Each structure stands twice: as structure tokens, then as C-alpha cells.
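What follows is a short report on a single structure.
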Amino acid sequence: QVQLVESGGGLVQPGGSLRLSCAASGNINSFSVMGWYRQAPGNQRELVGSISSVGSTNYADSVKGRFTISRDYAKNAWYLQMNNLKPEDTALYYCNLDLRSYPGIHRYWGQGTQVTGSS
């Protein structure tokens, strides 16, 4: 059974930086995508960025150039480095894992961590 635990959220000043972490327990060797999503109040959950099992990355236009996804293979963890945070980045952030599970792919979610970019 796979579980995701995320951490690192908090209150930061506009222009500041924050790193979110997501750690997976269980066997995730068959993962296809590790990602980060966010959901602001009143909005739908949106993709922030993702990294595939072959290392390709994808970012939302709103965070491109400011946010970076990376992975620590030994720890089964992945991270979202957020730089130059803006008030509009305020949201509940969720890590995500897509795991190959015959006959398809199963999607797992972290519990969410709050990021607030305000003075």
C-alpha cells in the first residue's frame, strides 16, 4: 500500500522561497509521474508541475521559471522548490503520484500542505 506524506508549507513573504517535500511509503518503483498540484479557495485543483519516470518535467505557465521539481531516488521523495513567491501562489498544495497498477494507472495524493505568500 502506497501512502504519500507531504510537508514544508507555511507563510512566506512575497518574493520569498519555500520547499515542499513529499515522501512515499511502499513500493513505488512502477511510478510513471510524480507531481504537484494546488488548489486555491474557490478554485479547482490545478497542476503546478510534474516529473516523469524518465525525467521529463512539465510546469504550469504561471510558475515556470520560479518553481522546480526534483526527486531523491534513495528517499522515494520529491520536492517542489518555490522561488519568488507571489500572493497568487497561495493555495493548498498536494503532491501526487501516478503508479502503474495493472491493468492501468492508480493515482495517489498527499494530504495537502498550505502555502501562503503574503506580507
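Scope of the values below: all heavy atoms of this structure, side chains included, with no hydrogens, waters or symmetry mates. All values derive from a computational prediction rather than experimental measurement. Numbers here are sequence positions counted from 1.
Taking Ile, Leu, Val, Met, Phe, Trp and Tyr as members and joining any whose side-chain heavy atoms lie under 4.5 Å apart, directly or through other members, Val5 forms no hydrophobic cluster with any other residue. The other members of the hydrophobic cluster of Trp36, by chain and number, are Val2, Leu4, Val12, Leu18, Leu20, Ile28, Phe31, Met34, Val48, Ile51, Tyr59, Val63, Phe67, Ile69, Trp78, Leu80, Met82, Leu85, Tyr93, Leu97, Leu99, Tyr108, Val115 (side-chain heavy atoms under 4.5 Å, ILVMFWY only).
No donor-acceptor pair closer than 3.5 Å links the side chain of Thr90 to the backbone N or O of Thr116. Side-chain N or O atoms of Ser101 include none that pairs as donor or acceptor with a backbone N or O of Ile105 at under 3.5 Å.
Rounded to the nearest 0.5 angstrom, Asn96 CG and Arg107 CZ are separated by 4.5 Å. Note: Arg100 CZ to Ser53 OG = 4.5 Å, rounded to the nearest 0.5 Å. The distance from the OG1 atom of Thr68 to the CZ atom of Arg19 is 12.0 Å, given to the nearest 0.5 Å.
Taking the ring pair (Phe, Tyr, Trp, His ring centres under 6.0 Å) definition, one finds that Tyr37 meets it with Trp109, sequence neighbours left out. With sequence neighbours excluded, the residues that form a side chain to side chain contact (heavy atoms under 4.5 Å, CB included) with Ser17 are Gln81, Asn83. Residues satisfying the side-chain hydrogen bond (donor to acceptor under 3.5 Å, both in side chains) test with Gln39, not counting sequence neighbours, are none. Qualifying side-chain hydrogen bond (donor to acceptor under 3.5 Å, both in side chains) partners for Thr57, counting only residues two or more places apart in sequence or in other chains: none.
The environment of CD in Gln44 is sparse: at most 12 heavy-atom neighbours from other residues, nucleotides or ligands sit within 6.0 Å.
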Quick one: do Arg45 and Arg38 satisfy side-chain contact (heavy atoms from CB on, under 4.5 Å)? Show the steps, please. CA-CA 5 Å; Arg45 188 175 300 185; Arg38 67 185 181 187; over 6 Å; no
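Counting only residues at least two apart or in different chains, side-chain hydrogen bond (donor to acceptor under 3.5 Å, both in side chains) contacts with residues 23-34 comprise Asn27-Asn29. The disulfide bond (SG atoms under 2.5 Å apart) pairs that include a residue from residues 31-76 number zero, where partners must be two or more places apart or lie in different chains. Legend: disulfide bond (SG atoms under 2.5 Å apart) pairs involving residues 70-119, not counting sequence neighbours, sorted by first then second residue: Cys22-Cys95. Screening residues 24-65 for disulfide bond (SG atoms under 2.5 Å apart), with sequence neighbours left out, gives no hits. Every pair tested for disulfide bond (SG atoms under 2.5 Å apart) that includes a residue from residues 32-62 fails, sequence neighbours excluded, so the list is empty. Applying the salt bridge (charged side-chain N to carboxylate O under 4.0 Å, His left out) definition to pairs two or more places apart or across chains, none involves residues 67-86.
Closest approach of Thr113 to Glu6, counting heavy atoms only: CG2-OE1, 3.2 Å. Minimum heavy-atom separation, Tyr79 to Ser21: CD2-OG, 3.2 Å. Minimum heavy-atom separation, Ser119 to Pro14: N-CD, 3.6 Å.
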